[in-house]
There are 2 protein chains.
Amino acid sequence: MSINTIFEALSHPVRRKVLALLKSGPMSAGDLAGHFDISRPTLSVHFAKLKEADLVAVERQGTSLIYHLNTSVLEQALADVLSLKEQDK
Amino acid sequence: MSINTIFEALSHPVRRKVLALLKSGPMSAGDLAGHFDISRPTLSVHFAKLKEADLVAVERQGTSLIYHLNTSVLEQALADVLSLKEQDK
DNA sequence: ACACTAATTAGTTGTTTTGCTAATTAGTGT
DNA sequence: ACACTAATTAGCAAAACAACTAATTAGTGT
């Protein structure tokens with residue numbers, strides 16, 4: 001998992017807000033969508049980027065997809081920034 | 001200083017590398033340029049974004065511009081992410 | 001004033017990202 | 001099998017970003 005992927009994921013306000021919302025606990029895509037003014041498909045692409053960076057995990061619950069914050073990945077990324085290391089360029 | 005500006009600044013690998021280089025101490029634009037394969041004007045724009053986010057400070061020394069890492073701003077930004085707050089959207 | 005060096009700003013171009021609507025996949029219930 | 005709900009993927013247009021070259025600004029020395 002490249003630190004670039006993580007920073008790319010963190011670079012958009014909507015995606016950071018998603019993480020902030022998930023901090024209080026897992027939520028379905030639909031519940032998350034309720035907090036934004038953008039279309040569901042657009043939001044879905046944001047979810048995909050967070051997933052690609054491994055910042056969130058998904059689990060299906062019936063017809064819903066439940067998103068969880070992957071706290072450890074986020075914290076590791078930040079620790080890396082504090083020491084300002086770059087695994088790759 | 002918006003957290004969005006800071007994240008936008010942190011989102012590019014070149015800009016993160018600049019911060020990493022400045023971690024060992026202040027450097028001139030020219031010295032920094034020696035560490036990259038991109039043109040000076042392009043790099044200059046990267047510097048401007050770091051400055052806009054207040055992640056670095058600049059000081060003129062003769063004909064050179066010396067860049068300093070603004071450690072406290074960086075650390076505050078990361079602390080904010082750890083708590084995942086968003087000052088603005 | 002002129003030349004020289006350091007660095008930035010301006011203008012342009014190609015690429016990447018974002019966001020939309022439409023279409024598709026997946027699961028549940030009848 | 002069909003309808004219904006949840007969410008994603010596909011395809012496309014608009015906006016934002018990054019890179020280049022050329023031109024400009026700023027400082028130093030002659």
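To find a chain, count down the sequence lines: A is the first, B the second, and so on, and within it residues start at 1.
- Here the side chain of B:S44 pairs no donor or acceptor atom with the backbone of B:P41 at under 3.5 angstrom.
- The listed nucleotides are D:dC17, D:dA19, C:dT21; the one nearest the side chain of B:K49 is D:dC17.
- As judged by a 4.0 angstrom heavy-atom cut-off over every strand, B:E8 is placed among residues touching the sugar-phosphate backbone only.
- OP1 or OP2 of C:dC20 sits under 4.0 Å from a side-chain N or O of A:T42.
- Between the A:R15 side chain and the A:L10 main chain, no donor and acceptor come within less than 3.5 Å of each other.
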Problem - Pairing pattern in dot-bracket form [Watson-Crick, G-U; both distances under 3.5 Å; | = partner strand] for DNA chain C - result: ||||||||||||||||||||||||||||||
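- Between B:D54 atom CG and B:I6 atom CD1 the span is 7.5 Å, to the nearest 0.5 Å.
- Looking at A:V58 and A:R60, their side chains never come closer than 4.5 Å, going by heavy atoms from C-beta outward.
- Projected onto DNA chain C by closest heavy-atom contact, A:S39 and B:L43 fall at different nucleotides, the more 5' of which corresponds to B:L43.
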Output one line per pair: protein atom, nucleotide atom from nucleotides 3-7 of chain D, and distance, for all N/O pairs under 3.5 Å.
{"from": "D:dA6", "atom 1": "O4'", "to": "A:T63", "atom 2": "OG1", "distance (Å)": "3.1"}
{"from": "D:dA7", "atom 1": "OP1", "to": "A:A29", "atom 2": "N", "distance (Å)": "3.4"}
{"from": "D:dA7", "atom 1": "OP1", "to": "A:G30", "atom 2": "N", "distance (Å)": "3.2"}
{"from": "D:dA7", "atom 1": "OP2", "to": "A:G30", "atom 2": "N", "distance (Å)": "2.9"}
{"from": "D:dA7", "atom 1": "OP2", "to": "A:R40", "atom 2": "NH1", "distance (Å)": "3.4"}

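- Residue B:L50 contributes atom CG, which lies 11 Å from atom P of D:dA18 at whole-angstrom precision.
- Side-chain heavy atoms closer than 4.5 Å link hydrophobic residues (I, L, V, M, F, W, Y) into clusters, and following such links, even through other members, never connects A:V45 to A:L65.
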Check the interface with nucleotides 11-13 of chain D: list each N/O to N/O pair with the protein under 3.5 Å, or write none.
none

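- The nearest pair of heavy atoms linking A:A29 to A:F47 is CB-CE1, 3.7 Å.
- In terms of modelled atom types and a separation under 3.5 Å, the side chain of A:S2 and the main chain of A:N4 share a donor-acceptor contact.
- Remark: B:H46 is not in phosphate contact with D:dC17, judged by side-chain N or O atoms under 4.0 Å from OP1 or OP2.
- With A:M27 as the partner, the side-chain contact (heavy atoms from CB on, under 4.5 Å) test is satisfied by one option alone out of A:V18, A:L32, A:L69: A:L32.
- A:L21 is connected to A:V14 through a chain of hydrophobic side-chain contacts under 4.5 Å among Ile, Leu, Val, Met, Phe, Trp and Tyr, so both are in one cluster.
- Between A:H12 and D:dA16 there is no side-chain N or O to OP1 or OP2 distance below 4.0 Å.
- Formation of a donor-acceptor pair under 3.5 Å by the B:K17 side chain with backbone atoms of B:H35 is found in this model.
- A distance of 9.5 Å separates CG of A:L55 from OG of A:S72, quoted to the nearest 0.5 Å.
- Summarising the geometry, the separation between CD1 on B:I38 and P on D:dA19 is reported as 5 Å, rounded to the nearest angstrom.
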